[in-house]
Every structure is written in structure tokens, then in C-alpha cells.
Amino acid sequence: MKQVIAVRRDLDLSKGKTAAQVAHASLGAYRKADKGDVAAWDRVGSKKVVVFAEDEEELMELKRRADSDGIPTYLVRDAGRTEIPKGTTTALAMGPCSDEEIDRVTGHLSLVN
């Protein structure tokens, strides 16, 4: 089991801003997830993978696909206090769910390094 968080590459966020957006997304999806899935995910180490989405269009397509597959999602829209305008969509967390389920949606994306 794992959770995948996609962050927009086109925003060119600082490392700190990226980390904050990923954290917001992860916690948001965690709160929405089925408690049984959360317990199973916790038992296996709460794996998280952070990947790039090229732009807002790709991020929204990932959300549509994950929602369609019944994967819990959480979309982050920034408060606009630092680097980017208020309301900018920055990140999307998907899961936790089985590796197989989430890989169908996110397996083609490149890792954030």
C-alpha cells in the first residue's frame, strides 16, 4: 500500500514550498481515506511517493482518474501567502490504497528528486 502525491512541475516551487504543499496534500487525503485502508497502510510503513505532474491540466486528469477508480484524493489550492497567487492548484494526494490500484493512475509519472 502507498500514497502518491503529485506536485506541479510548471510552478517551479522552491524545495520548502514543495515540501509544504506535499504535506498538506498527504494529510488531506489521509483524513478522507477509509479507516481500514489507513490502518493497513500504517501497518506496512505508510509509504509515500512524490511525483511530478507537468501542469494543472495533468494534475486534474490524475484527479479524475483516481476519483473514477475510487481512490481517495485531496487537491491543494495555495493560500497565496508566499510564492504563488491565492487559489493556485499545487498538489494532489492519492491514496492510501494498494500499489496496483494507484500504479494504474500514477505509474507513468517521474519521481521528484
Side-chain angles (χ1 to χ4, degrees):
M1 295 195 76
K2 65 184 169 187
Q3 183 181 69
V4 174
I5 303 99
V7 63
R8 285 178 53 190
R9 186 189 309 259
D10 65 318
L11 294 176
D12 197 30
L13 302 172
S14 68
K15 289 179 182 179
K17 184 67 169 181
T18 298
Q21 299 305 291
V22 167
H24 289 315
S26 178
L27 286 171
Y30 176 89
R31 289 182 186 121
K32 290 174 66 177
D34 175 86
K35 298 310 169 206
D37 286 344
V38 167
W41 182 54
D42 284 343
R43 282 192 301 276
V44 296
S46 305
K47 180 179 179 182
K48 295 162 213 67
V49 178
V50 182
V51 297
F52 278 122
E54 290 303 317
D55 51 28
E56 184 175 23
E57 182 180 334
E58 184 172 31
L59 201 68
M60 298 311 291
E61 177 59 25
L62 291 167
K63 181 166 178 18
R64 281 189 289 277
R65 289 181 61 200
D67 288 344
S68 174
D69 286 356
I71 297 169
T73 63
Y74 186 83
L75 189 65
V76 177
R77 296 189 191 276
D78 194 66
R81 295 187 189 103
T82 57
E83 298 179 19
I84 53 179
K86 181 179 182 177
T88 300
T89 303
T90 58
L92 171 70
M94 296 157 280
C97 62
S98 74
D99 289 1
E100 295 79 20
E101 288 176 280
I102 206 155
D103 287 348
R104 283 194 296 269
V105 176
T106 65
H108 66 287
L109 299 171
S110 61
L111 296 172
V112 170
N113 50 17

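All of these numbers come straight from a predicted model, not from anything done at the bench. Sequence positions, counted from 1, serve as the residue numbers for this chain.
- In the hydrophobic clustering of ILVMFWY residues, with side-chain heavy atoms under 4.5 Å counting as a link, Leu75 and Met94 come out together.
- In terms of modelled atom types and a separation under 3.5 Å, the side chain of Trp41 and the main chain of Lys47 share a donor-acceptor contact.
- The neighbour count for Lys86 NZ, taken as heavy atoms of other residues, nucleotides or ligands under 6.0 Å away, does not exceed 12.
- Residues Met1 and Pro96 approach most closely at CE-C, 4.2 Å, considering heavy atoms.
- Residues Leu11 and Leu62 are members of separate hydrophobic clusters, defined by side-chain heavy-atom contacts under 4.5 angstrom among Ile, Leu, Val, Met, Phe, Trp and Tyr.
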For the pair Asp67 and Thr73, evaluate side chain to side chain donor-acceptor pair (under 3.5 Å) and give the outcome as yes or no after the intermediate values. CA-CA 7 Å; Asp67 288 344; Thr73 63; 2.9 Å; yes
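- Of all heavy-atom pairs spanning Ala29 and Gly95, the tightest one is CB-O, 3.4 Å.
- One finds the NZ atom of Lys17 at 3.5 Å from the CG atom of Asp78 (value rounded to the nearest 0.5 Å).
- With Arg104 contributing its side chain and Arg65 its backbone, the two residues share no donor-acceptor pair below 3.5 Å.
- The 12-atom threshold is not exceeded at CD of Glu57, counting heavy atoms of other residues, nucleotides or ligands nearer than 6.0 Å.
- Judged as a side-chain hydrogen bond (donor to acceptor under 3.5 Å, both in side chains), and not counting sequence neighbours, the contacts of Glu83 are Ser14.
- In the model, Ser26 has no side-chain atom that pairs as donor or acceptor with a side-chain atom of Lys48 under 3.5 Å.
- Atom CD of Glu56 and atom OG1 of Thr90 lie 10.0 Å apart (nearest 0.5 Å).
- Atom CG of Leu27 is separated from atom CD of Gln3 by 8.5 Å, given to the nearest 0.5 angstrom.
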Going through the distances and angles, do Arg8 and Thr88 end up as a side chain to side chain donor-acceptor pair (under 3.5 Å)? CA-CA 10 Å; Arg8 285 178 53 190; Thr88 300; 6.0 Å; no
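- Val49 is connected to Leu109 through a chain of hydrophobic side-chain contacts under 4.5 Å among Ile, Leu, Val, Met, Phe, Trp and Tyr, so both are in one cluster.
- Both Val112 and Ile84 are assigned to one and the same hydrophobic cluster, defined by single-linkage of ILVMFWY side chains at heavy-atom distances under 4.5 Å.
- With values rounded to the nearest 0.5 angstrom, Gln21 atom CD is found 12.0 Å from Arg77 atom CZ.
- Note: Asp10 CG to Asp55 CG = 5.5 Å, rounded to the nearest 0.5 Å.
- Val7 and Leu111 fall into different hydrophobic clusters, where Ile, Leu, Val, Met, Phe, Trp and Tyr side chains are chained together by heavy-atom contacts under 4.5 Å.
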